[in-house]
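Notes follow the structure.
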Number of protein chains: 2
Amino acid sequence: MAKANKRTSLADLAKELGLANSTVSRALNHASDVSDATKAQVWALAEKLHYQPNSLAAALRKGRSNVLGVIVPHINGAFFPAVVHGIEEVASKAGFNVMICQSTEDVDREKKHVEALLKAQVDGILVSMSNTTRDYAHFERVRSQGTPLVFFDRMPALPDACGVVVDDYLGAYQVMEHLIEQGCRRIAHFAGPQILNTTYDRFRAYQDALKAHGIPYREELVVHLPGSSTTAGMTAMQQLLQLPERPDAVFSAYDFPAGGALQLLEDYGIRVAEDIALVGFSNEPFTTMIKPRLTSVDQHGTLMGETAVELFLQLLKRAEPLSSRRIVLKPQLVVRDSSLYGQPAFHKQA
Amino acid sequence: MAKANKRTSLADLAKELGLANSTVSRALNHASDVSDATKAQVWALAEKLHYQPNSLAAALRKGRSNVLGVIVPHINGAFFPAVVHGIEEVASKAGFNVMICQSTEDVDREKKHVEALLKAQVDGILVSMSNTTRDYAHFERVRSQGTPLVFFDRMPALPDACGVVVDDYLGAYQVMEHLIEQGCRRIAHFAGPQILNTTYDRFRAYQDALKAHGIPYREELVVHLPGSSTTAGMTAMQQLLQLPERPDAVFSAYDFPAGGALQLLEDYGIRVAEDIALVGFSNEPFTTMIKPRLTSVDQHGTLMGETAVELFLQLLKRAEPLSSRRIVLKPQLVVRDSSLYGQPAFHKQA
DNA sequence: GAAGTTTACACAATGGTTTGTGGAGATTGG
DNA sequence: CCAATCTCCACAAACCATTGTGTAAACTTC
């Protein structure tokens with residue numbers, strides 16, 4: 001009665017049955033070249049001994065681990081969790097395990113995680129870049145090894161990069177057209193880090209939309225946020241309120257700062273929607289809970305995660321030089337009370 | 001100029017340098033029994049050839065994968081993402097990769113994920129049970145294999161189960177005492193599934209607190225939620241409003257239903273806080289964004305994740321029969337406007 | 001009934017690393 | 001100068017499953 005903690009291996013089954021390892025393996029897997037009788041024997045014993053195949057050994061031999069690596073900047077807010085949700089859903093269905101890492105917006109940790117995932121022989125890596133990533137050498141390494149690499153949401157400006165993003169430019173442009181349609185003319189912008197394609201595109205759309213509608217671009221109406229927190233939005237709003245002339249709308253690159261601005265405006269007795277329109281970006285759950293409900297842009301996080309995995313699966317099939325594919329999802333402008341300029345937003349009747 | 005896509009292995013280094021595999025291995029690892037000169041040689045060549053150790057092979061040989069499996073019911077809301085955040089943080093720091101799975105509240109998927117993780121030779125499993133889990137055979141299997149098993153938040157009623165939970169009973173009891181202190185006497189409860197220790201404890205505390213303060217328990221004031229959504233809370237509130245006598249407080253086992261109730265009450269012109277106190281549970285981000293701000297209970301999700309990993313690391317060290325340890329975190333009642341019964345909650349000045 | 005095909009399995013190599021053992025050469029001590 | 005000790009490294013087994021090849025026996029076919 002020793003420890004006997006050792007898991008039963010395929011070889012144990014073989015020895016017990018007087019078969020060769022290969023026969024047992026074939027009996028358990030593709031199962032050609034082995035009689036139904038022995039198949040039954042093998043399966044019965046496997047069941048009885050609680051045999052569990054060792055994925056590591058199989059992966060080592062087959063050169064395929066069925067593990068998918070994922071690197072996200074963080075797991076805060078609603079967006080990235082939604083993406084992870086979608087990723088896990090589809091990956092799991094396709095027989096893949098998901099290894100998750102967060103870079104915490106730190107390129108060094110991002111690099112380390114890439115290394116660790118490659119060492120773990122993952123079959124592919126899904127990554128949304130940190131906002132401190134400047135060079136892409138660590139990503140090049142992945143591709144040069146032949147490991148499928150799929151970006152999502154935040155992707156580098158490389159011509160041959162695969163990924164799935166949402167059309168931030170379009171989403172932001174729609175926001176702007178909506179605001180202009182509402183009669184807003186002094187539209188302010190809370191900008192995110194310009195190094196990221198996402199927030200950069202939102203800013204670009206802000207500028208282009210102004211231009212297209214003959215509205216002059218005023219630098220003083222753009223506040224670069226230090227983060228995406230509520231308080232960041234409050235101080236940004238405070239800054240705007242100190243201008244000689246108040247903006248009549250604010251388009252924030254994130255939802256939480258918009259929420260902060262909303263709170264601050266309330267404290268100042270300035271009525272959101274009636275006096276100043278407010279729009280966020282991301283469609284966080286709280287946007288439907290607050291008063292007035294916040295107009296925002298949905299990024300389809302779950303769909304993005306699902307699509308990213310499907311793209312990965314495609315890359316995995318073809319051993320070809322990984323044709324660069326970029327899938328662009330359409331964002332959805334969700335108009336709610338906060339952007340209906342000039343109209344009383346509170347107590348709108350059902 | 002063939003494909004040459006093959007990654008360079010330890011054996012390649014050995015051959016190139018005319019050394020034995022063992023020497024190269026020792027040079028790269030603990031590095032005793034090998035001269036500094038050859039160590040340098042090995043490292044130099046490893047660098048030059050971009051050698052990346054194959055974790056799978058190492059894990060297979062060492063019987064240790066440095067992978068931690070995590071099973072969560074889902075990745076929605078703020079709580080579970082926070083836990084995952086904490087888990088990844090500490091696990092990563094300890095040199096572990098994290099494999100994440102969601103059961104989607106489906107015990108069958110939970111079982112499959114347990115199987116998959118064991119096959120993947122994970123060094124331990126962290127799990128928060130699905131609400132459809134009735135028997136714990138699949139968990140017993142894990143422990144019988146000697147794989148450390150740590151529950152978090154939702155754990156089974158087994159005497160020898162390890163895990164980290166928050167004291168839901170205490171949190172809920174504090175909610176009740178707070179409400180009673182505010183003068184509430186007809187306190188309603190939105191109850192979660194009674195199969196889960198968490199929501200069961202919240203309900204139990206609700207009952208006990210009433211009893212302790214000589215307030216009769218009224219069955220009609222308890223609504224069992226079909227889910228934890230906003231709409232679930234709205235219909236539950238609607239149901240309560242049809243009672244001959246209105247409750248003067250609602251303690252919801254989740255935040256979102258409380259938010260839904262708040263919206264419904266507003267539609268009916270019933271003032272939250274003034275006319276009816278409202279308390280949720282989980283301290284979702286939206287609780288601070290809405291008006292009135294929602295009183296809630298913080299579950300310290302991130303801390304829970306961190307603690308769970310630390311508990312796992314302890315279990316991993318000792319090969320002993322895994323002493324059952326249950327770590328209980330203190331929840332934090334966060335009193336905000338919505339529960340200040342009788343007081344006007346809106347426009348409270350700063 | 002001989003030649004050719006199929007069936008069902010065994011043998012052995014393979015994947016990449018770790019680790020116990022052993023041994024040649026260099027060093028030290030008496 | 002010989003024995004004892006150390007250094008530094010090689011050899012080979014082990015981890016566990018997969019897979020190409022080889023080979024008996026059973027079967028088909030004319």
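Chain identifiers are assigned alphabetically (A, B, ...) following the order of the sequence lines, protein sequences preceding nucleic acid strands; residue numbering begins at 1 within each chain. What's counted below: heavy atoms across the whole structure, side chains too, no hydrogens, waters or symmetry copies.
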Looking at [X], does any N or O in its side chain come under 4.0 Å of the phosphate oxygens OP1/OP2 on [N]?
X	N	value
B/Thr38	D/dC9	yes
B/Ser9	C/dG15	no
A/Tyr51	D/dA17	yes
A/Ser25	D/dT18	yes
A/Ser35	C/dC9	yes
A/Thr23	C/dA10	yes

* **Donor-acceptor contact below 3.5 Å, side chain A/Thr198 vs main chain A/Arg154** => no

* Asked: Would you say A/Ser65's side chain and A/Gln121's backbone share a donor-acceptor pair under 3.5 angstrom?
  -> yes

* To do: State the NZ-CG distance between B/Lys62 and A/Leu56, to the nearest 0.5 angstrom.
  => 12.5 Å

Nucleotide [N], atom [atom2] - distance to [atom1] of [X] in whole Å:
X	N	atom1	atom2	result
A/Leu28	C/dA8	CG	P	17 Å
A/Lys15	D/dA17	NZ	P	13 Å
A/Lys62	D/dC16	NZ	C1'	13 Å
A/Gln52	D/dA17	CD	P	11 Å
B/Leu49	C/dG16	CG	C1'	16 Å
A/Leu10	D/dA17	CG	C1'	6 Å
B/Arg26	D/dC8	CZ	C1'	10 Å
A/Asn29	D/dG20	CG	C1'	16 Å

* **Which residue lies more 5' along DNA chain D, comparing A/Asn21 with A/Asp33 via nearest heavy atoms** => A/Asn21

* Structure fact -> Taking for B/Val34 and for B/Leu60 the nucleotide of DNA chain D with the nearest heavy atom, the one nearer the 5' end belongs to B/Val34

* Asked: Nearest of C/dT17, D/dA17, D/dA10 to any side-chain atom of A/Ala58?
  -> D/dA17

* In sequence, state the C-alpha distance, the side-chain angles, and the governing distance for B/Asp12 and B/Lys15, and then conclude on salt bridge (Lys or Arg N to Asp or Glu O under 4.0 Å). => CA-CA 5 Å; B/Asp12 295 335; B/Lys15 198 178 298 174; 5.3 Å; no

* A/Lys39, NZ: over 12 other non-hydrogen atoms inside 6.0 angstrom -> yes

* Pair of N/O donor and acceptor under 3.5 Å linking D/dG20 base with A/Arg61 side chain -> no

* Asked: NA contact type, A/Leu19, heavy-atom cut-off 4.0 Å: base, sugar-phosphate, or nothing?
  -> sugar-phosphate

